[in-house]
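Reading through the structure tokens given below for one structure.
Reminder, nothing fancy here: chain letters follow the sequence lines and each chain counts from 1.
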2 protein chains.
Amino acid sequence: MTQENKPEDFRDLADSYGYSIPLDDFFSCALSVDCVIFGYEDNDLKVLLIKRGAQPFKKSWALPGDLMYPDENLKNAAQRVLKDLTGLDNLFMEQASSFGSVDRHPVGRVVTVSYYALVNIRDYNPVAASWAKKLKWHSLQEIPELAFDHREILDSGMTTLRRNLSTRLIGFNLLPDKFTLKDIQHLYEIVLDKKFDKANFRKKFLSSEFLEPLEEMESNVPYRPAKLYKLADKVDNRSSFEI
Amino acid sequence: MTQENKPEDFRDLADSYGYSIPLDDFFSCALSVDCVIFGYEDNDLKVLLIKRGAQPFKKSWALPGDLMYPDENLKNAAQRVLKDLTGLDNLFMEQASSFGSVDRHPVGRVVTVSYYALVNIRDYNPVAASWAKKLKWHSLQEIPELAFDHREILDSGMTTLRRNLSTRLIGFNLLPDKFTLKDIQHLYEIVLDKKFDKANFRKKFLSSEFLEPLEEMESNVPYRPAKLYKLADKVDNRSSFEI
DNA sequence: GCAAAAGTGTTAGTCATACACCCATGT
DNA sequence: ACATGGGTGTATGACTAACACTTTTGC
């Protein structure tokens with residue numbers, strides 16, 4: 001946007017309210033989005049990292065992220081960037097936090113907004129694309145050195161995830177449409193790094209009215225098949241729930 | 001920052017990774033900060049609004065906020081802007097959320113980061129300054145039409161405040177250094193819009209080890225003076241506490 | 001003494017925890 | 001039959017909610 005396009009009045013503002021730099025100098029920043037995609041597999045919580053094939057921090061591991069176009073919304077940018085770099089589409093992502101240290105990006109002033117999501121690794125198959133040269137689910141115990149301030153963004157995302165999982169029903173993004181009570185318990189135990197008593201955990205969830213039992217059962221397991229459940233229709237990611 | 005200052009490698013990026021616009025076009029956004037300052041007085045929770053004396057939205061009520069300089073950190077920007085417009089200095093503000101709809105600002109692409117704080121209205125005396133023409137604590141029940149998407153920002157700040165007050169000790173920013181148990185209860189009741197039983201509320205806080213009793217008492221009250229407490233040294237704004 | 005709010009003790013009920021036990025399935 | 005995990009019942013103790021009561025101050 002050039003000075004010519006701006007409303008008359010706004011030029012008044014620039015003239016009369018004593019900004020110490022010309023108004024246009026404010027419009028010199030870039031925004032980026034960074035996606036903290038948590039995935040759950042076996043007994044492990046992982047995060048999706050890409051190997052950067054572009055400067056800066058070429059060849060470093062990093063969160064999937066990129067610059068936002070000036071004409072796209074933040075949330076759309078997060079969806080687009082994630083899809084471009086990993087092929088993951090239509091993930092339920094939620095805004096986590098923003099990071100704006102002056103020197104966090106070597107090229108210029110880039111403020112980044114982080115988004116996070118939870119997925120079941122079994123259900124997704126991300127593939128490195130665009131300038132992402134490689135892609136890997138990293139266990140949270142084995143995070144390599146990351147580009148930019150991505151380590152801080154990752155840690156902050158983890159905090160947000162834990163807080164939201166223990167107070168809301170957010171964790172269900174990580175489960176398939178049909179799931180067993182054991183699946184849920186497993187997920188909670190891994191994310192919150194805490195053991196729950198089976199009987200009590202079941203009681204809590206079954207009395208919550210957030211689950212709807214299906215007629216179906218697990219199959220092909222070498223033990224008694226567990227009942228499958230689905231989320232009640234009224235549940236959304238904002239539903240409050242204390243574990 | 002001009003193209004000339006940028007590292008060689010980054011120009012490679014622009015050339016070879018297929019951005020659909022020149023790299024410089026990314027660096028055409030502005031950032032702003034908006035401060036949601038909650039204040040507590042008598043039986044009411046209020047929010048500090050300014051009457052804008054600058055375009056756009058001149059003469060509208062708005063949250064105290066302004067553009068961030070390209071060479072200052074986000075958090076510093078929030079502190080500076082709040083001080084410039086209202087004189088409030090050194091408030092403990094915490095980042096709440098970011099808002100980035102393409103058309104949220106009539107002048108150009110401005111992504112805003114919101115910060116929130118809690119203060120005891122008795123202890124502070126904000127005064128309109130700079131381009132803020134007027135300033136007023138508005139009861140949350142009587143919020144006028146607000147500039148930009150500030151209504152959305154305010155509501156989101158309120159949600160963040162409530163969530164954090166019920167799971168952390170954040171509420172204490174709203175209290176003076178010395179306070180009575182009644183003060184705390186009052187604050188919780190107003191913010192969470194919920195009544196608590198006096199005896200039970202006291203027991204909960206006194207058994208929390210977050211409070212240290214002082215020798216001092218309230219004075220000049222027409223009833224039995226209450227004991228004063230201060231926060232234990234180990235408490236910070238991240239201390240976890242379930243009410 | 002009275003009003004007002006500080007501050008405490010008791011009780012009933014609810015909920016969390018721990019743990020033992022039975023059930024259904026594949027091999 | 002047995003190994004494995006699904007699924008349930010119950011006793012204990014801790015915590016919550018409700019409420020009555022005593023205490024201390026100013027007027």
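- Between the NZ atom of K198(B) and the C1' atom of dT23(D) there is a distance of 11 Å, given to the nearest Å.
- Residue Y229(B) is the one, among Y229(B) and P222(A), whose nearest nucleotide of DNA chain C lies closer to the 5' end (criterion: closest heavy atom).
- Between the NZ atom of K182(B) and the P atom of dT25(D) there is a distance of 19 Å, rounded to whole Å.
- For dA16(C), the OP1/OP2 oxygens have a side-chain nitrogen or oxygen of K204(A) closer than 4.0 Å.
- Taking atom CZ on R202(B) and atom P on dC21(D), their separation rounds to 19 Å, with Å as the unit.
- In this structure the side chain of N200(B) never reaches within 4.5 angstrom of the side chain of K204(B), judged on heavy atoms.
- Considering only side-chain atoms of A226(B), the nucleotide from dC19(C), dG7(C), dC19(D) that sits closest is dG7(C).
- At whole-Å resolution of the value, CG in N200(B) and C1' in dT10(C) are 12 Å apart.
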Test side-chain contact (heavy atoms from CB on, under 4.5 Å) applied to K230(B) and K178(B), step by step: CA-CA 5 Å; K230(B) 74 180 190 76; K178(B) 305 168 182 181; 5.5 Å; no
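- Distance, D197(A) CG to dG9(D) C1': 12 Å, rounded to whole Å.
- OP1 or OP2 of dA16(C) has not a single side-chain nitrogen or oxygen of K203(A) nearer than 4.0 Å.
- In this structure the side chain of V36(A) never reaches within 4.5 angstrom of the side chain of L161(A), judged on heavy atoms.
- You'll find that the side chain of Y223(A) is closest to dT4(D), out of dT4(D), dT8(D), dA6(C).
- If you check the side chains of D34(A) and T112(A), you find a donor sitting under 3.5 Å from an acceptor.
- With rounding to whole Å, L181(B) atom CG is found 17 Å from dT24(D) atom P.
- Atom NZ of K195(B) and atom P of dA17(D) are 16 Å apart (whole Å).
- Separating the CZ atom of R224(B) from the C1' atom of dG7(C) is a distance of 5 Å, rounded to the nearest angstrom.
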